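Keep in mind that the numbers below use all heavy atoms, side chains included, and drop hydrogens, waters and symmetry copies. For clarity, every value in this text was computed on a predicted model and none was experimentally measured. One-based numbering, in listed order, for ligands and for the atoms of each.
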Amino acid sequence: MSLQINPSDYESLAVAQTDDGVWRVTLNRPDKRNALDLATVEELVQFFTVAPRAGVRAVVLAGAGDHFCAGLDLIEHHDADRSPAAFMHVCMRWHEAFNKMEYGGVPVIAALHGAVVGGGLELASAAHIRVMDETAYVALPEGQRGLFTGGGATIRVTDLIGKARTVDMMLTGRVYRGQEAVDLGFAQYLVEGSSLELAHEIAQKTAENLPLSNFAICSGVSHMQNMSALDAAYAEAVLAGVVNTQPEARARLAAFADKTGARIRPE
Ligand code: 1HE
């Protein structure tokens, strides 16, 4: 089944197709530093629910203005004066959005700049590749605000940097940026220029892979991390059975066999 994405359906996000199946999704509330209110999270759910079935080959996720994302909309949260159950359901919608990203099978490349904090870091952590520029910084300030993370930091940030560092960030509000942030695992790339430009180049490159290979990479690895090693090996074999016999791969294999296919060498 093929679905369509209609950019005019989105208000808190700016959604646009750029080229050959690469889409740009921009958090578009720069006046609020792209804080995640309920409406934005619903639009993320909507986009990432449809994207895998709408021919989207890769996504660049970015933020408008000077910051990627300031996390939970603290004003909305303050004004709503939510009950525990109500906020639990808010968090469940965040998980719905971020799980759709991480497990949807479409490469998501986050272009990070400025504040990537609290829920903003949780959002970025659900992408498959993160690119930071020199203005980007990450932090989990929830503890200082009388809050706790609710959008997956305990899982995804811990996956990126380990338990001890995550707990330190949560307790002290420690901020990381630049090469140190990359060395610790927050991002795979650091650029002097625009993170958006490099994120787009990376998205274009991933879009050249066959969609079924990207599906396996951008859902299988995460699913298999949740399994026992024994079950993960089994699931990997089954997935490889499907992907590695796809008819669309035959031309690529033939190119290797007849020596026209690229050889893998360091530059
Ligand atoms: C916001 C938010 C927000 C800005 N919710 N409205 N996140 C935080 O603790 C980060 C909170 N934000 C900041 O520390 C700063 O805003 C920034 C460092 C990101 C940017 O500073 P600056 O000087 O450029 O902007 P500003 O003057 O602080 O804010 C500009 C406007 O954005 C202002 O609104 P205005 O109507 O008065 O102009 C701010 O109120 C608004 N704004 N950040 C709502 N976060 C599922 S649990 C997840 C838990 C969390 O994510 S906790 C949140 C952590």
Which of the numbered atoms in ligand 1 are below 4.0 angstrom from a heavy atom of [X]?
X	answer
Gly151	46 (C)
Ala35	2 (C), 3 (C), 5 (N), 44 (C), 45 (N)
Gly71	51 (O)
Ile75	6 (N), 44 (C)
Gly150	46 (C), 47 (S)
Gly119	50 (C), 51 (O)
Pro141	7 (N), 8 (C), 9 (O), 54 (C)
Tyr137	18 (C)

Mind checking whether [X] has an N or O less than 3.5 Å away from an N or O of ligand 1?
X	value
Val117	no
Glu122	no
Cys91	no
Leu74	yes

I want to confirm something. Looking only at heavy atoms, which of His67, Arg145, Arg33, His78 is nearest to atom 13 (C) of ligand 1?
Arg145

Any idea which of Gln144, Glu142, His77, His95 brings a heavy atom closest to atom 49 (C) of ligand 1?
Glu142

Using a strict 4.0 Å threshold on nitrogen-to-oxygen distance, state whether [X] and [Y] make a salt bridge.
X	Y	answer
Lys205	Glu201	no
Glu122	Arg156	no
Glu11	Arg29	no

How about atom 17 (C) of ligand 1: does it have a protein heavy atom within less than 4.0 Å?
no

Any protein heavy-atom neighbour for atom 39 (C) of ligand 1 (distance below 4.0 angstrom)?
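So atom 39 (C) of ligand 1 lacks protein heavy-atom neighbours under 4.0 Å.
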
Of all the non-hydrogen atoms in the protein, which one sits nearest to [atom], and at what distance?
atom	answer
atom 10 (C) of ligand 1	Ala70 O, 3.5 Å
atom 45 (N) of ligand 1	Leu72 O, 2.9 Å
atom 42 (N) of ligand 1	Lys32 O, 3.7 Å

Just checking, is any N or O donor in the side chain of Ser213 or Asn209 under 3.5 Å from an acceptor N or O on the other one?
no

Does one side chain, of Asn28 or Thr26, offer a donor that lies under 3.5 Å from an acceptor on the other?
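No, Thr26 and Asn28 have no side-chain donor paired with an acceptor closer than 3.5 Å.
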
Aromatic ring pairing Phe186/Tyr176, orientation class (parallel under 30°, perpendicular over 60°, tilted between)
tilted

Please work out which of the three classes, parallel, tilted or perpendicular, describes the rings of Tyr10 and Phe47, given edges at 30° and 60°.
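Phe47 and Tyr10: perpendicular rings.
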
What part of Asp31, side chain from CB on, backbone N/CA/C/O, both or neither, has a heavy atom under 4.0 Å from ligand 1?
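The answer is the backbone.
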
For Gln204, does the CD atom have more than 12 heavy-atom neighbours from other residues, nucleotides or ligands under 6.0 Å away?
yes

